[in-house]
Amino acid sequence: MAACTVSQQQTSWGMDGPAAPAGTARVTDAVDGLEVGHRLMGAGEYELALRAYYRAAAEQGISVDVLSAVGSANLRLGRLGQSEQMLRRALEEDETFVPALNNLGVVLAEQNRWAEAQHYFRNAFAFDSGRSDAIRENLRLAIANSERTSYAEPEASAFALVRRGTGQYRLLATP
């Protein structure tokens with residue numbers, strides 16, 4: 001019985017893999033990873049979108065677009081800590097990048113950090129010149145929630161202090 005052999009080829013990123021079958025066209029221009037990621041996000045495939053964004057980072061380098069996209073995918077996956085970290089890194093690259101400002105506001109709002117979220121929504125709204133209804137609504141919600149007091153109203157006491165004799169008091173439940 002003869003054994004099959006697969007020739008190995010060194011890829012451009014240093015990983016070994018099997019050679020493509022003879023006659024296979026060499027692909028030099030692939031679809032942009034950011035574009036693929038955006039389409040996958042639109043389809044609700046957030047984990048796949050995150051992989052596409054990582055591919056874009058490997059191909060294009062780390063940019064504000066890539067960092068913001070990774071942060072947005074992590075937000076949709078519920079990974080708020082990772083999302084916040086990526087979005088803050090994006091804003092270090094460009095503090096006027098509206099998608100990163102808005103999405104960082106969303107992350108902070110999800111954590112009930114309304115005052116900080118309001119700050120980022122306000123900046124996103126300003127840099128967007130008020131064109132986005134979604135950012136306007138996010139800002140409105142953040143303002144409303146940050147104005148609410150964090151203390152609950154005191155509950156009506158269900159007890160009464162009653163004097164019993166000289167210098168004696170008792171706490172009794174009231175009906």
Side-chain angles (χ1 to χ4, degrees), residues 11-15 27-159 171 174:
T11 60
S12 62
W13 56 85
M15 298 179 69
V27 176
T28 56
D29 289 332
V31 177
D32 178 30
L34 275 174
E35 181 64 31
V36 171
H38 294 334
R39 290 178 184 170
L40 288 166
M41 288 286 284
E45 295 291 340
Y46 309 122
E47 193 67 49
L48 293 174
L50 187 59
R51 289 182 187 180
Y53 293 145
Y54 285 144
R55 190 184 92 213
E59 292 171 353
Q60 302 170 10
I62 302 296
S63 67
V64 67
D65 290 317
V66 170
L67 290 169
S68 180
V70 169
S72 299
N74 278 314
L75 171 61
R76 291 300 197 128
L77 290 167
R79 300 171 185 161
L80 299 180
Q82 293 173 359
S83 179
E84 181 178 353
Q85 183 181 22
M86 288 296 111
L87 293 167
R88 287 188 188 278
R89 282 187 60 198
L91 291 172
E92 287 173 7
E93 296 286 323
D94 181 0
E95 64 187 20
T96 66
F97 195 66
V98 173
L101 287 164
N102 183 63
N103 287 338
L104 182 54
V106 172
V107 169
L108 296 169
E110 287 288 325
Q111 298 171 357
N112 291 323
R113 294 162 54 186
W114 291 106
E116 195 175 358
Q118 178 183 347
H119 167 77
Y120 287 100
F121 289 138
R122 192 176 304 277
N123 286 342
F125 186 76
F127 288 122
D128 187 52
S129 300
R131 290 186 301 256
S132 171
D133 292 336
I135 294 173
R136 182 181 302 113
E137 181 62 18
N138 288 344
L139 177 58
R140 187 192 67 73
L141 286 171
I143 291 170
N145 282 304
S146 63
E147 289 176 349
R148 289 185 188 162
T149 60
S150 60
Y151 301 104
E153 291 292 322
E155 293 183 23
S157 177
F159 297 96
L171 192 60
T174 58

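These numbers come from the heavy atoms of this one structure, side chains and all, not from hydrogens, waters or symmetry mates. Positions are given from 1, in the same order as the sequence printed here.
Residues A124 and N102 come closest through the heavy atom pair CB-N, 3.9 Å. Looking at every heavy atom in both residues, I135 comes nearest to V98 through CD1-CG1, 3.5 Å. For the residue pair H38 and A69, the shortest heavy atom distance occurs at CE1-CB, 4.3 Å. Taking all atoms of both residues into account, the shortest heavy-atom contact from G105 to F121 is C-CZ, 3.2 Å. Contact record, A142 with A117: CB-C, 4.5 Å, taken as the closest heavy-atom pair. A109 and W114 get closest at one heavy-atom pair: CB-CZ3, 3.5 Å.
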Apply side chain to side chain contact (heavy atoms under 4.5 Å, CB included) to the pair Y120 and L91, showing each step before the final yes or no. CA-CA 11 Å; Y120 287 100; L91 291 172; 3.9 Å; yes
Candidate pair D32 and Q60, rule side chain to side chain contact (heavy atoms under 4.5 Å, CB included), full reasoning: CA-CA 9 Å; D32 178 30; Q60 302 170 10; 2.2 Å; yes
Is there a side chain to side chain contact (heavy atoms under 4.5 Å, CB included) between L67 and L87 once you walk through the steps? CA-CA 6 Å; L67 290 169; L87 293 167; over 6 Å; no
Intermediate values then yes/no, side chain to side chain contact (heavy atoms under 4.5 Å, CB included), L50 and R79: CA-CA 12 Å; L50 187 59; R79 300 171 185 161; 3.5 Å; yes
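Counting heavy atoms of neighbouring residues, nucleotides and ligands inside a 6.0 Å radius, atom CZ of R136 exceeds 12 of them.
Between L104 atom CG and M86 atom CE the span is 12.5 Å, to the nearest 0.5 Å. The CG atom of D94 sits 10.0 Å away from the OG atom of S68 when rounded to the nearest 0.5 Å. Expressed to the nearest 0.5 Å, how far CG of N145 lies from CG of N112 amounts to 8.0 Å. Rounding to the nearest 0.5 angstrom, the gap separating the CG atom in L77 from the CG atom in L80 is 10.5 Å. The distance from the CG atom of L101 to the OG1 atom of T96 is 7.5 Å, given to the nearest 0.5 Å. Once rounded to the nearest 0.5 Å, the distance linking CG of L108 with NE2 of H119 reads 9.5 Å.
Electrostatic pairing of E35 and R39 counts as a salt bridge here, judged by a charged N lying under 4.0 Å from a carboxylate O. A salt bridge does not link R76 to E110: none of the charged nitrogens lies less than 4.0 Å from a carboxylate oxygen. A salt bridge links E137 with R140: the closest approach of a Lys/Arg side-chain nitrogen to an acidic carboxylate oxygen falls below 4.0 angstrom.
Within the 4.5 Å cutoff, the side chain of Q118 has heavy atoms near those of the R122 side chain. With a 4.5 Å cut-off on side-chain heavy atoms, N138 and F125 do not count as touching.
By the side-chain hydrogen bond (donor to acceptor under 3.5 Å, both in side chains) test, R113 is found to be paired with E84, Q111, E116, residues two or more places apart in sequence or in another chain being considered.
Judged purely by distance below 3.5 Å, without hydrogens or angles, the side chains of N123 and E95 never pair a donor atom with an acceptor atom.
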